[in-house]
Amino acid sequence: MQKTLDRLLTCLAWLSGGGTLLAVSLLLVFLASHGMPGIDAALFFGDTPWLDALLARKPIFGGIWPALVGTFSLVFLASVFSIPLGIASGIYLAEYASDHRHSLLDFMVDLLSGTPSIVMGLFGFTAILALRKTFLPGARTGLLLAGLCIGLLVLPYVIRTTESALEGIPDHLRLLGPSLGLTRWQNINKVLLPLAGRGILSGAILAVGRAAEDTAVILLTGVVAHAGIPGSLADKFEALPFRIYYLAAEHRSPQELEQGFATALVLLLLTGLLFLAAVLLQRSVERRWKTR
Amino acid sequence: MCAGSLALAILSLVVAYPAALGICTLVHGLARGLSARFLLALVHFMTSIPTVVYGFVSVFLLVPRLREWFAVGSGFSLLAAVLTLSLLILPTITLVLHSRMEQLDPTLRLAAEAMGFTPVQQVRCVLLPAAARGLTAAAVLGFGRAVGDTLVSLMLAGNAAQFPHSLFASIRTLTAHIGLVLATDSQSMAYQSVFAAGLLLFLLTGAVSLLIRKSGGKNRGL
Amino acid sequence: MSTRTTKSICRVALVVFALILWSSAGTASAAALDSFAGLEGTIDIAGGTAHIPVMTDAAKNIMTFNPKIRITVEGGGSGIGVQKVGEGLVSIGNTGRALSEEEIAKYGLKSYPFALDGVAVIIHPDNPLSGLAAEQIRDIFSGKITNWKEVGGKDGAIHLFTRDEASGTREVFWEKLLKKGPIATGANVVASNGAMKSAVAQDKDAIGYAGIGHVDQTVKAVVLDGVAPSQENAMNGSYPVVRKLYMNTRGEPSKLVKAFIDYILSPEGVAIITKSGYLPLK
């Protein structure tokens, strides 16, 4: 009986390991083989000459450049909202909060990180409708709203990594400041934050990656299929993940389908690079504490 | 639609959870050294693959195959969504399990080894029981991720608002309902139902967070 | 050898002809686009997905002529068109059906019909069937007939595709062809005309419905009771499942939006409408 169980578990282990490896490599190979041929200047700029497109002298049709710009603006906005707020909350949670408040806030953060992104989008959409009915009748769904909602979505990532980066600092370093007569804030500002810097940064990068890939939030807060490069914060916008979703359902020709594959590959490369950066930073943090 | 959401989430968990257990067994027992590190790196990498990419590839790789192999329905089905979604929540579950097993006292493991346990026995008789609370937390967290996902079900499940009576049936989840129907005009029942669905989802994931707290773990938002 | 030369001559002739057409279109557009000179601002368009090809082509011409104008186009379905334009979230809401009395009264909407479109039943091009009776289609969509064999096709389960609740195409199809009969709950739901076409084009046993303007060689339009769903038959009234395509604004449109609507109704707009496979109204 025990033997059979062991054998079963061994089987399951190798099967699941092999299966996962197979599934992921299948996904990557399929995407690369279909997407690679489609990556060229036309993918990004359509028929528009690239210089005109980059300088926004001419609008772009059929290219993913506006979607790329849209995604970058979205990520930028989300970072502006979530990173300072997240780091501040993380510091508060790790260094200031009393036990009672800590557990309450902790639960709030858990709640926020568990909220599905479509619910976050619905929240944004409802907020705009409410704003329009009350004191801001001109409010529309657009870049600003989407950025805010995504910022809210990735906020827990920043809070959590900041908190754990601070908590991960060894005690002898943590006590160094106060023993030299530094105030609490001086200690955080001059000793702890610089020490936790890389850990916090890796969390921020992960948050950026999450912001770049989310589709459900923007689905309800102002993404459209054709918009060009956004001119202001209130404008509707295009975004890479939405473009992939859109092309999957309504490609009108084999060329558009190929563009879909190429776009998916571009997005994967983007998030993959961000992920790699975060991992490398994390590694260097770990190595730093180990050498001591 | 509630039934659709639950069926999809539970079935995905049924597929992904044993796989996550298996991977942890590999990493902590059977495969040591380089191959274990590689497998872990792979699982970490999977977290960075965008959901929409999983969905996109499945539409063109998985759905046509399902249609040909089983010849039941159009391929856009509960099954297609389950397979893809389980791949999506696999890293979440695996990483929670892994971190719990890593936090265990290393002497526990040494003691087991000294008593002559094989690697598989170590995992089965010592490590897994010791990480029991982590087992629950990982399951609950995976369930939360699965219920909250929109894109996979919207792209793959077929979106028919009916009771999921078979694996090959086309189903609609709460999340996909919100995405699909926010469209209809503000007077109809469907429009109201979007907000009901949103509230329900929020309560569901709130309950998940509460459960994770109860099981003593922190939701690190993996 | 000689056939090859004639072929290449033909090809050259075609290219020359296309060039002439293109250049004449270019001069025509300059005239039609003049009303956009000096204007700037944003037009947001949402709603009926059948309209999207016309709207994006028009937007492309206008934005190339005057880059200071931004035009965004999104789908969602006719329902979203009414709601968004009514709530003031977009400037133009498209519908593939006439507005209801309540909708006009509630939001004070103004309608601009611009094209006629038929709704065709579509199947995969490899499906040997070419025609169906209206009664058969009703039975297929209600779920009474589940195998292609029962309507004279090859043996195989029928895969139903329908549209979401916000769709105007669905409403017209349901009213005029299904006579408000039931649609099986197990039918797959897709979110736009384009998505319907690509879903049916990928599935040999699929049946769905889409605006005739969206039908191309990747899908086959089913002959209904002996009448082919062509734009001619839609125009002369022999094909019964037709609807008009509308642009709607809340109250009087602004100068820029008015210019856009006039452009769609101008000869240049008519050319775009025809190119997209729809019938201009005049």
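Naming: A, B, ... by sequence-line order, numbering from 1 per chain.
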Worksheet item: Are any non-hydrogen side-chain atoms of C:His51 and C:Phe114 less than 4.5 angstrom apart?
Response: yes

Worksheet entry | Derivation of the side-chain hydrogen bond (donor to acceptor under 3.5 Å, both in side chains) call for B:Thr175 and B:Asp149 | CA-CA 7 Å; B:Thr175 47; B:Asp149 187 80; over 6 Å; no

Fill in: Sub-4.5 Å side-chain heavy-atom contact between C:Tyr209 and C:Thr162
yes

Worksheet item: What's the verdict on side-chain hydrogen bond (donor to acceptor under 3.5 Å, both in side chains) for B:Thr173 and B:Ser5, showing C-alpha distance, side-chain angles and the deciding distance?
Response: CA-CA 4 Å; B:Thr173 60; B:Ser5 269; 4.5 Å; no

Discussion item. What I want to find out is whether C:Lys84 reaches C:Glu74 closely enough, with some N-O distance under 4.0 Å, to be called a salt bridge.
Written reply: yes

Discussion item. Counting only non-hydrogen atoms closer than 4.5 Å, does B:Phe163 touch chain C with its backbone (N, CA, C, O), its side chain (CB onward), both, or neither?
Written reply: neither

Worksheet item: Can you check whether B:Thr51 reaches B:Val152 side chain to side chain, under 4.5 Å on heavy atoms?
Response: yes

Worksheet item: What parts of residues 187-208 of chain C touch chain B if we use heavy atoms and a cut-off under 4.5 Å?
Response: C:Ala187, C:Asn188, C:Val189, C:Ala191, C:Gln202, C:Asp203

Discussion item. Under a 4.5 Å cutoff for heavy-atom pairs, which residue among B:Gly158, B:Ala176, B:Ala169 has the most contacts with chain C?
Written reply: B:Gly158

Discussion item. Using a strict threshold of under 4.0 Å (side-chain N to carboxylate O), is an ion pair present between C:Glu103 and C:Arg97?
Written reply: yes

